[in-house]
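Both ligands and their constituent atoms are indexed starting at 1 by order of listing. On a predicted model such as this, the values are computed, not experimentally measured, just so you know.
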Amino acid sequence: MATMRVVQVSHPNGPFEIVERQVPEPGAGSVRIRVQACGICHSDSLTKEGAYPGIQYPRIPGHEVAGVIDAVGPGTAGWQPGQRVGVGWNGGYCGHCDHCRRGDFFACVTGQVTGITYDGGYAEYLIAPASAVARMPAELPPVEAAPLMCAGLTTFNALRNSGAGPGDVVAVLGLGGLGHLGVQYAAKMGFHTVGIARGNDKEALARQLGASVYIDSQARDPAAELLKLGGAKVILATATSGEAMSAVQAGLAVNGTLLVIGAAASMQVSPLLLLAGRRSIKGWYSGTSIDVQDTLAFSARTGVRPMNETFPLTRASDAYDRMMSGKARFRVVLTIGR
Ligand SMILES: [Zn+2]
Ligand SMILES: [Zn+2]
């Protein structure tokens, strides 16, 4: 029986363990993917720390998976061995619950989460339901594609559903793992793109990524600066600071939206600001496999790429610590295969 190397967590807050397991066989409706790269996302801490309700151990984390299908389970339509594919946070949906029947597949009542409700991509092989699988274009190397499965997807899908049109002022708050992709997507989508971060040392980066305006939120009031541009149609809040989100909301244009994708614990909201200008504050779920596929295709065509630090699978623990330090520029990716 063939074996594979995986990195698992055996209990909440337990260490990453490198172990050998049997290579699993795909069941009905599933595929087996030979993993080439897997990004490390802050949400992997839910698996590491046991913060996801009902999570069972041992569990292999990882929901930014890039690889190649190498086996297809019985009755699995539409996929063949040899196809380059990716799997993101959404680990599949049933297709027949009420939410699915309304087209809200992301809200499936039995929806799965890759690397949390089943084993993820810190491994040489992964089994995924067909509904979780996205095609990966040939011109995207696995290491560059992996962070697009979650960080890229979340920013791309939020922006394309934000209601902003070409030429509208769209600000991206935060220039980290999410924000450095958000600025690129906003610029490629034709928005008047504004980068907002702390300190003037980020200005060159913001402009290199495609921002035409940069606002140093330490030196200037970001809301006042946005109003000088006519106000923002959309502010994509990628930072995890509720204070930073509160500080920009007054920079929204009439009918503008603060689109929240950074998981801050709380923020202050001005009801008067919302009702007087019909402004809104809204969250956005990353997306499902077809959204991943669109993200990958758009990125391949337009040249949007993550900036990565790479580690081999055997150094998953160091890689995870690097991600958690907040110092990585900007995504951490495991390279897999022996
Ligand atoms: Zn993620
Ligand atoms: Zn469903």
Take a 6.0 Å sphere around CD of Gln218 and say whether it holds more than 12 heavy atoms from other residues, nucleotides or ligands.
yes
Please determine whether the number of non-hydrogen atoms from other residues, nucleotides or ligands lying under 6.0 Å from atom CZ of Arg135 exceeds 12.
no
In Ile336, Val6, Thr47, Asp44, the residue satisfying side chain to side chain contact (heavy atoms under 4.5 Å, CB included) with Tyr122 is Asp44
I'd like to know if Asp119 pairs up with Arg59 as an ion pair, taking the criterion as any Lys NZ or Arg NE/NH1/NH2 lying under 4.0 Å from an Asp or Glu carboxylate oxygen.
yes
Would Asp294 and Arg160 pass as an ion pair if we require N to O under 4.0 Å?
yes
Does Lys188 make a cation-pi contact with Phe298, if we ask for NZ or CZ under 6.0 Å from the ring centre and within 45° of the axis?
no
Is the positively charged end of Arg32 above the ring of Tyr125, judged by distance under 6.0 angstrom from the centroid and angle within 45° of the axis?
yes
Is Leu272 isolated, or which residues cluster with it under the ILVMFWY side-chain rule of less than 4.5 Å, directly or via members?
Leu275
Sort by chain and number the protein N/O/S atoms found under 2.8 Å from the Zn ion (ligand 1).
Cys41 SG, His63 NE2, Cys150 SG
What protein N/O/S atoms sit under 2.8 Å from the Zn ion (ligand 2), by chain and number?
Cys94 SG, Cys97 SG, Cys100 SG, Cys108 SG
When the side chains of residues 91-105 are checked against the rest of the protein, which donor-acceptor pairs come out under 3.5 Å, sequence neighbours left out?
| unit_1 | atom_1 | unit_2 | atom_2 | d |
| --- | --- | --- | --- | --- |
| Asp98 | OD1 | Arg101 | NH1 | 3.4 |

